Structure formats: structure tokens, C-alpha cells
Amino acid sequence: DAGITQSPRHKVTETGTPVTLRCHQTENHRYMYWYRQDPGHGLRLIHYSYGVKDTDKGEVSDGYSVSRSKTEDFLLTLESATSSQTSVYFCAIRSESNQPQHFGDGTRLSIL
Amino acid sequence: GQNIDQPTEMTATEGAIVQINCTYQTSGFNGLFWYQQHAGEAPTFLSYNVLDGLEEKGRFSSFLSRSKGYSYLLLKELQMKDSASYLCAGHAGNNRKLIWGLGTSLAVNP
């Protein structure tokens with residue numbers, strides 16, 4: 001199994017609070033990704049990173065920010081959580097462009 | 001535009017063969033991936049095709065035709081545990097990210 005750990009695995013919080021999700025890898029892979037997955041929408045890319053301090057937006061980046069200060073950690077922050085951000089969040093890692101992405105177990109986030 | 005299409009749902013019988021199709025339009029094409037996702041779990045990698053033709057891995061095979069923008073996943077000797085969603089994904093533009101289909105939910109019946 002690819003060494004990817006997401007934390008927390010489950011979180012319930014209130015609208016307006018900041019939330020940070022962590023993705024930690026032990027594979028030393030260059031690329032890291034944050035997705036959200038919702039019924040009827042499939043996997044949608046939020047942000048991704050192609051190296052330390054190198055990040056770029058995905059298709060649904062509004063309301064989210066990321067940071068990657070070291071190779072092994074990629075943090076996703078919801079600045080002020082809204083109910084529309086209730087979702088399952090997956091982190092994925094990849095070594096090079098022709099290699100598959102490998103996913104963490106996901107974080108189930110509920111915003112009340 | 002960039003798009004990946006696959007059927008929403010399919011059903012099949014245990015022991016049978018099923019083919020899940022995927023058509024794509026992406027810029028900077030650099031291969032097509034197939035993933036399996038069981039309910040409540042993360043997607044897991046099944047196969048990657050970059051050249052035309054059939055790649056076989058046990059009961060699962062994947063086919064690619066670049067000229068037709070078409071791929072399929074073939075599942076043989078279906079088992080109940082194959083009930084899952086199957087996701088097709090292709091590279092977008094700079095190859096740093098993937099475009100994902102919405103997934104095909106396969107139900108295997110006894």
C-alpha cells in the first residue's frame with residue numbers, strides 16, 4: 001500500500017469555522033492532490049502540488065487554500081467552512097507524470 | 001474541450017463478462033487510467049494504457065484506441081466483490097493533473 005495518511009478521518013464542525021485537513025506521505029512523491037467527491041459530481045480537483053511550495057488551483061478551488069512546506073505534508077484549509085463544503089475529501093500522491101495516482105483513505109467532513 | 005464520458009450504471013451476472021466503455025476528449029493526451037472504487041472506500045488503481053491495444057491483468061483487461069478516443073475495461077468471471085464504481089481518467093494539458101469520468105456503478109447479481 002502507498003504510504004498515505006489522511007487526518008482526521010472524520011470531522012463535524014460548524015459553519016464559519018476554519019478547518020484544516022492533513023495529508024502525509026512516506027513515499028517521497030513529487031505530486032500531491034486534494035479532491036472532493038460528491039454524489040453526481042465524481043472526483044473534483046481542489047488544489048494540487050508539484051513540489052515543495054509549488055501549488056496550483058484545480059476546478060473547485062474557491063473557499064480552499066493549501067500549503068506544502070515539506071515534501072511529505074500537504075495541508076488543505078477551509079478558511080470559513082460552509083455547508084456546501086460537506087463532502088468526502090481524498091488526498092492522492094503520484095511520483096511522475098506517467099505513474100498512477102494513489103489515494104488516501106479519505107476524510108468525511110460535515111459542516112453543520 | 002476536455003471531457004470523459006462513461007455510462008452511469010451497469011448490471012451483470014456473477015460469472016459473466018462485462019465491458020465498461022469510456023470515451024474521452026483531452027488535450028495533451030498521455031494515457032488513460034482505470035480505477036475501482038468500492039462504496040465508502042478510496043479509489044484504487046487498476047490499469048494504465050498509453051499505447052493502442054489490450055493490456056491484460058488476470059480477470060481484468062483494458063483496451064485503448066487513441067485514434068477513436070475510446071477505452072474499455074473488461075471484467076471476466078465476475079464475482080460479487082466486483083460490485084463497485086469504475087472510474088476512467090485521462091491526463092489534462094500539462095500532464096500534472098487528471099480529468100475524471102463520473103464513474104460507472106457496476107452491480108453484480110447472483
Side-chain angles (χ1 to χ4, degrees), chain A residues 1-7 9-10 21 23 25 27 29-51 54-61 66 68 74 87-109, chain B residues 1-9 20 22-24 26-51 55 57 60 62 64 66 71 73 84-106:
Chain A
D1 291 341
I4 314 169
T5 304
Q6 290 186 231
S7 58
R9 293 294 315 281
H10 303 271
L21 307 183
C23 180
Q25 61 145 330
E27 305 295 322
H29 283 352
R30 177 183 177 191
Y31 296 92
M32 298 185 77
Y33 303 82
W34 276 110
Y35 291 93
R36 60 178 291 175
Q37 189 174 39
D38 306 285
H41 291 278
L43 281 167
R44 291 184 290 176
L45 182 65
I46 305 171
H47 284 279
Y48 68 100
S49 170
Y50 48 96
D54 291 324
T55 64
D56 203 354
K57 295 179 180 180
E59 60 184 302
V60 290
S61 59
V66 290
R68 192 168 178 202
F74 193 33
S87 187
V88 178
Y89 290 84
F90 287 106
C91 173
I93 65 173
R94 187 184 67 162
S95 55
E96 295 300 333
S97 61
N98 289 344
Q99 296 300 309
Q101 294 182 16
H102 295 285
F103 287 80
D105 289 334
T107 295
R108 188 170 296 274
L109 179 64
Chain B
Q2 301 186 97
N3 199 41
I4 290 190
D5 289 314
Q6 49 183 133
T8 304
E9 294 180 337
I20 302 174
C22 170
T23 58
Y24 64 88
T26 64
S27 59
F29 177 78
N30 194 26
L32 206 85
F33 296 88
W34 282 97
Y35 283 76
Q36 180 190 59
Q37 186 177 23
H38 285 103
E41 297 182 8
T44 56
F45 169 68
L46 287 177
S47 68
Y48 173 54
N49 294 68
V50 65
L51 300 176
E55 295 271 347
K57 279 186 182 181
F60 291 8
S62 55
L64 177 68
R66 290 176 297 173
S71 174
L73 182 69
S85 183
Y86 291 86
L87 310 175
C88 174
H91 280 115
N94 61 11
N95 289 342
R96 288 175 173 171
K97 52 187 179 180
L98 294 176
I99 299 173
W100 293 84
L102 295 182
T104 298
S105 179
L106 174 66

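This structure is a prediction, so every number in the text was calculated from the model and none was measured. Convention: sequence-line order gives letters A, B, ...; per-chain numbering from 1.
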Quiz item: What residue in B/A42, B/A89, B/G103, B/G40 has the most heavy-atom pairs under 4.5 Å with chain A?
Solution: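 Max contact count across the listed options: B/A42.
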
Quiz item: When heavy-atom pairs shorter than 4.5 Å are enumerated against chain A, which of B/L87, B/V50, B/L98 gives the highest number?
Solution: B/L98

Self-check item: Which portion of A/L43 sits near chain B, non-hydrogen atoms under 4.5 angstrom
Solution: both

Could you list each donor and acceptor atom pair linking chain B to chain A at less than 3.5 Å?
unit_1, atom_1, unit_2, atom_2, d
B/N30, ND2, A/N98, OD1, 2.5
B/Y35, OH, A/Q101, N, 2.8
B/Y35, OH, A/Q101, O, 2.7
B/Q37, OE1, A/Q37, NE2, 2.9
B/Q37, NE2, A/Q37, OE1, 2.8
B/H91, NE2, A/R94, NH1, 3.3
B/H91, NE2, A/S97, O, 2.8
B/N95, O, A/R94, NH1, 3.1
B/N95, O, A/R94, NH2, 3.0
B/R96, O, A/Y33, OH, 2.3
B/R96, O, A/R94, NH2, 3.4
B/W100, NE1, A/Y35, OH, 3.1

Quiz item: What is the minimum heavy-atom distance between B/F45 and A/P100, and which atoms define it?
Solution: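 Minimum heavy-atom separation between B/F45 and A/P100: CD1-CB, 3.4 Å.
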
